[in-house]
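One structure below.
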Amino acid sequence: MDLQALRAFFALSPFMTDLGVEPVAVGLGTVSTVLPLALRHQQHTGQVHAGVMAAMADHSMGSAAQTQAPAGLWAITAELKTSQLRPGKGQRLVCVARVIKAGRTLSFTEAEVYAELDGQRTLVMKASATMALVPQKD
């Protein structure tokens, strides 16, 4: 999968489009995404809502698994774990997701989410997910 195909894949998810998550890099088993932050991404404390970061990590990990999925199969989340390490504050989020182990029916993935402020990145969330590989419906 190249970056153009990854962008088309992201366009299939209205939620990611609405949230503003954009794919910026892809390789076999790896995906990087960015999210320019806006007021709508914040919770009442002024930091990025954990659900925003979790959704970004989840879809990025699923996309990383999709790069290794056999034709005709979708990678969908079967299990998701996130650990917020510190408040997400900055101009944008950057997520780096990768496949740790790709299997025939399950893929194990991990991601790191960084808050970026003036070009400096701070790790704000670690995530892991098990992705199930299921048949695509026509």
Side-chain angles (χ1 to χ4, degrees):
M1 180 182 294
D2 62 11
L3 188 55
Q4 183 176 350
L6 180 62
R7 287 184 173 143
F9 179 71
F10 264 69
L12 296 175
S13 178
F15 180 61
M16 285 296 110
T17 301
D18 185 57
L19 198 57
V21 177
E22 306 167 10
V24 293
V26 62
L28 186 61
T30 65
V31 165
S32 295
T33 57
V34 298
L35 173 60
L37 292 173
L39 185 61
R40 68 189 180 109
H41 297 117
Q42 294 180 7
Q43 62 166 312
H44 62 284
T45 62
Q47 67 192 42
V48 178
H49 194 288
V52 169
M53 294 186 286
M56 180 184 195
D58 177 41
H59 201 74
S60 299
M61 290 184 289
S63 298
Q66 193 66 47
T67 69
Q68 293 183 306
L73 297 179
W74 288 125
I76 62 168
T77 307
E79 179 269 338
L80 173 66
K81 180 192 183 305
T82 63
S83 296
Q84 188 164 339
L85 306 173
R86 58 188 52 89
K89 293 184 177 185
Q91 293 143 340
R92 70 179 191 161
L93 297 178
V94 178
C95 180
V96 179
R98 63 196 154 284
V99 174
I100 302 303
K101 183 187 182 303
R104 290 180 296 113
T105 59
L106 297 172
S107 288
F108 186 77
T109 61
E110 290 183 344
E112 296 173 338
V113 179
Y114 299 88
E116 191 173 79
L117 180 62
D118 297 328
Q120 186 170 16
R121 290 182 180 176
T122 302
L123 181 64
V124 294
M125 180 175 277
K126 291 278 288 182
S128 62
T130 302
M131 299 293 167
L133 302 176
V134 300
Q136 297 176 5
K137 304 286 187 207
D138 291 330

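This is a predicted model, so every value here is computed, not measured.
Contacts classified as side-chain hydrogen bond (donor to acceptor under 3.5 Å, both in side chains) and involving residues 74-85 (residues at least two apart or in different chains) are given here: D58-T77, E79-T130, K81-S83. Within the structure, ring-ring contact (aromatic ring centres under 6.0 Å, His included) contacts touching residues 81-130 (residues at least two apart or in different chains) do not occur.
When the salt bridge (charged side-chain N to carboxylate O under 4.0 Å, His left out) test is applied to R86, no partner is found at least two apart in sequence or on another chain. Remark: T105 engages no residue in a side chain to side chain contact (heavy atoms under 4.5 Å, CB included) (not counting sequence neighbours). Residues that satisfy the salt bridge (charged side-chain N to carboxylate O under 4.0 Å, His left out) test with K126, not counting sequence neighbours, are E112. Residues passing the side chain to side chain contact (heavy atoms under 4.5 Å, CB included) test with P70 are L73, L133, sequence neighbours excluded.
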Inset, instruction - Go through M53 and V124 one step at a time and tell me if the side chain to side chain contact (heavy atoms under 4.5 Å, CB included) criterion holds. - result: CA-CA 9 Å; M53 294 186 286; V124 294; 3.5 Å; yes
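Hydrophobic clustering of Ile, Leu, Val, Met, Phe, Trp and Tyr side chains at less than 4.5 Å, counting indirect connections, unites I76 with V21. Linking ILVMFWY side-chain heavy atoms closer than 4.5 Å, directly or via other members, places M1 and L3 in a single hydrophobic cluster. M125 and L117 end up in different hydrophobic clusters when Ile, Leu, Val, Met, Phe, Trp and Tyr side chains are linked at under 4.5 Å.
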Side-chain donor-acceptor pairs of residues 88-100 under 3.5 Å, sequence neighbours excluded:
from, atom 1, to, atom 2, distance (Å)
Q91, OE1, D118, N, 2.7
Q91, NE2, D118, OD1, 2.9
R92, NE, E116, OE1, 2.5
R92, NH2, E116, OE1, 3.1

For residues 25-39, dump all side-chain donor-acceptor pairs below 3.5 Å to protein atoms at least two apart in sequence or in another chain.
from, atom 1, to, atom 2, distance (Å)
T30, OG1, G27, N, 3.3
T33, OG1, S60, OG, 2.8

Using atom types as modelled, flag every donor-acceptor pair under 3.5 Å from a side chain in residues 10-19 to any protein atom, sequence neighbours excluded.
from, atom 1, to, atom 2, distance (Å)
T17, OG1, S13, O, 3.3

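The environment of R40 atom CZ is dense: over 12 non-hydrogen atoms of other residues, nucleotides or ligands sit within 6.0 angstrom.
Annotation: the span from H49 atom NE2 to Q42 atom CD amounts to 11.5 Å, rounded to 0.5 Å.
Considering all non-hydrogen atoms of both residues, S107 and A102 come closest at OG-CA, 3.5 Å.
Within the hydrophobic cluster formed by Ile, Leu, Val, Met, Phe, Trp and Tyr side chains joined at under 4.5 Å, directly or through other members, M61 is accompanied by L80, M131.
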